[in-house]
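Keep in mind that the numbers below use all heavy atoms, side chains included, and drop hydrogens, waters and symmetry copies. Residue numbering restarts at 1 for every chain, and letters A, B, ... go by the order of the sequence lines.
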Number of protein chains: 2
Amino acid sequence: MLAIGTLSRKTGTKVQTIRYYEQIGLMNEAGRTSGGQRRYYEKDLDRLAFIRHSRQLGFSLDSIRELLDLSDNPAQSCAEADSIARRQLRQVEQRIKRLQALKKELKRMVAECDGESVAECKVLEVLRDHSECLTNHDEIGA
Amino acid sequence: MLAIGTLSRKTGTKVQTIRYYEQIGLMNEAGRTSGGQRRYYEKDLDRLAFIRHSRQLGFSLDSIRELLDLSDNPAQSCAEADSIARRQLRQVEQRIKRLQALKKELKRMVAECDGESVAECKVLEVLRDHSECLTNHDEIGA
DNA sequence: CCTTTATCTAAAGTCACTGTAGCTTATCAA
DNA sequence: TTGATAAGCTACAGTGACTTTAGATAAAGG
Ligand SMILES: [Zn+2]
Ligand SMILES: [Zn+2]
Ligand SMILES: [Zn+2]
Ligand SMILES: [Zn+2]
């Protein structure tokens, strides 16, 4: 039986995060000692490792919930899991695209300013006026 | 004098977001009509446009606050503003790097699975075990 | 037995908004 | 002038994925 701190160390997850996963039903409710402390089996460790690795690959907790559900029924086809991964891939590609446009614009801003007064700062000038931009931006936070 | 909806339309900002910016002190408190509705000057419109454009370029509200403060004192050097922009550039480059590693890993996962049962799904296999990965991942959400 | 370390709960804070409920004000045509 | 409609108001809750804090209790080692 593993204490929560052991799971924490073995997976690089904060203790509070593990409790949070329990709270939202992503981890099963753990058994307790007579004193009320959580105790885990190896399979809980595996599940947590799955969750954390999926998070590192950028999957949302909702996607991870689906993937875990699928993983629990080994007989069925994996089409669903693959489509979740492909969706994730598309999202990552989208984000890269957007960030590359930002990078280009930021690079230009920084390069064009020669560090004179604020009144002539190219950086601030661009921020004041999008028509100075070469690319157009999509929605904020996309 | 402009109503809040006019600012909203002209800058593509939701009305609630404008009120939120006032609440956190990013926009000045607007004047009011006798009935209590907000009314704005052109300079408020300019400020909001600056904020939104900066957000589109990925700057945090804290950075934008600094940039606005600088912008209000045209005499001083723009070194500070330029350094904020360079910091932002570095952050964007970092995120691109991380996302490109994710993309590579996701692509491989998706490509290697031939869509048989969940038990043999390559996607799920990789998620279960990081040692199947070719790259290592930095912190979650970085 | 005592101290230190680990764990517990509950609640608030983070970022940058978005959404909702239930009102009140402004504007314009009839 | 009335009355419909659009636009605005406040206050608060919700989003995602946690992190932080405070204050209390449990476990483990010497
Ligand atoms: Zn400059
Ligand atoms: Zn622009
Ligand atoms: Zn598969
Ligand atoms: Zn991995």
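Here the rule is side-chain hydrogen bond (donor to acceptor under 3.5 Å, both in side chains) with A:Glu105, and of A:Lys103, A:Lys107, A:Arg108 only A:Arg108 fits it.
For the pair B:Tyr40 and B:Ala30, the tightest heavy-atom approach, listed with the atom from each and the gap, is CE2-CB, 3.4 Å. B:Ala85 approaches A:Val110 most closely through the heavy-atom pair CB-CG2, 3.8 Å.
Chain A approaches DNA chain D within less than 4.0 angstrom (heavy atoms of the protein), and the contacting nucleotides run 5' to 3' from D:dA17 to D:dA27.
Partners of B:Glu22 under the side chain to side chain donor-acceptor pair (under 3.5 Å) rule, at least two apart in sequence or in another chain, are B:Arg38.
Taking the side chain as every heavy atom from C-beta outward, B:Asn136 and A:Gln56 never approach each other to under 4.5 Å. Contact check for A:Leu124 versus B:Phe50: side-chain heavy atoms found under the 4.5 Å cut-off. B:Thr11 has its side chain out of reach of B:Ile51: every pair of non-hydrogen atoms, C-beta onward, lies at least 4.5 Å apart.
The interatomic distance linking B:Arg32 (CZ) with C:dT25 (P) rounds to 12 Å, in whole Å.
Checked by atom type and distance alone, the side chain of A:Ser8 pairs as donor or acceptor with a backbone atom of A:Thr13 at under 3.5 Å. Put simply, the side chain of B:Gln37 never gets that close to the backbone of B:Ala3: no donor and acceptor are under 3.5 Å apart.
Looking at residues 34-54 of chain B, you'll see B:Gly36, B:Gln37, B:Arg38 sit with a heavy atom under 4.0 Å from some atom of DNA chain D. Taken residue by residue, residues 19-28 of chain B places heavy atoms nearer than 4.0 Å to DNA chain D at B:Arg19. Only A:Lys14, A:Gln16, A:Thr17, listed by number, bring a heavy atom of residues 6-18 of chain A to less than 4.0 angstrom from any atom of DNA chain D.
A tilted orientation is assigned to the rings of A:His53 and B:His137, their planes being inclined by 30° to 60°.
Taking a cutoff of 4.0 Å between a charged side-chain nitrogen and a carboxylate oxygen, A:Arg128 and A:Glu125 do not qualify as a salt bridge.
Within the structure, every pair that satisfies the salt bridge (charged side-chain N to carboxylate O under 4.0 Å, His left out) test and touches residues 39-68 of chain B, not counting sequence neighbours, is listed here: B:Arg47-B:Asp72.
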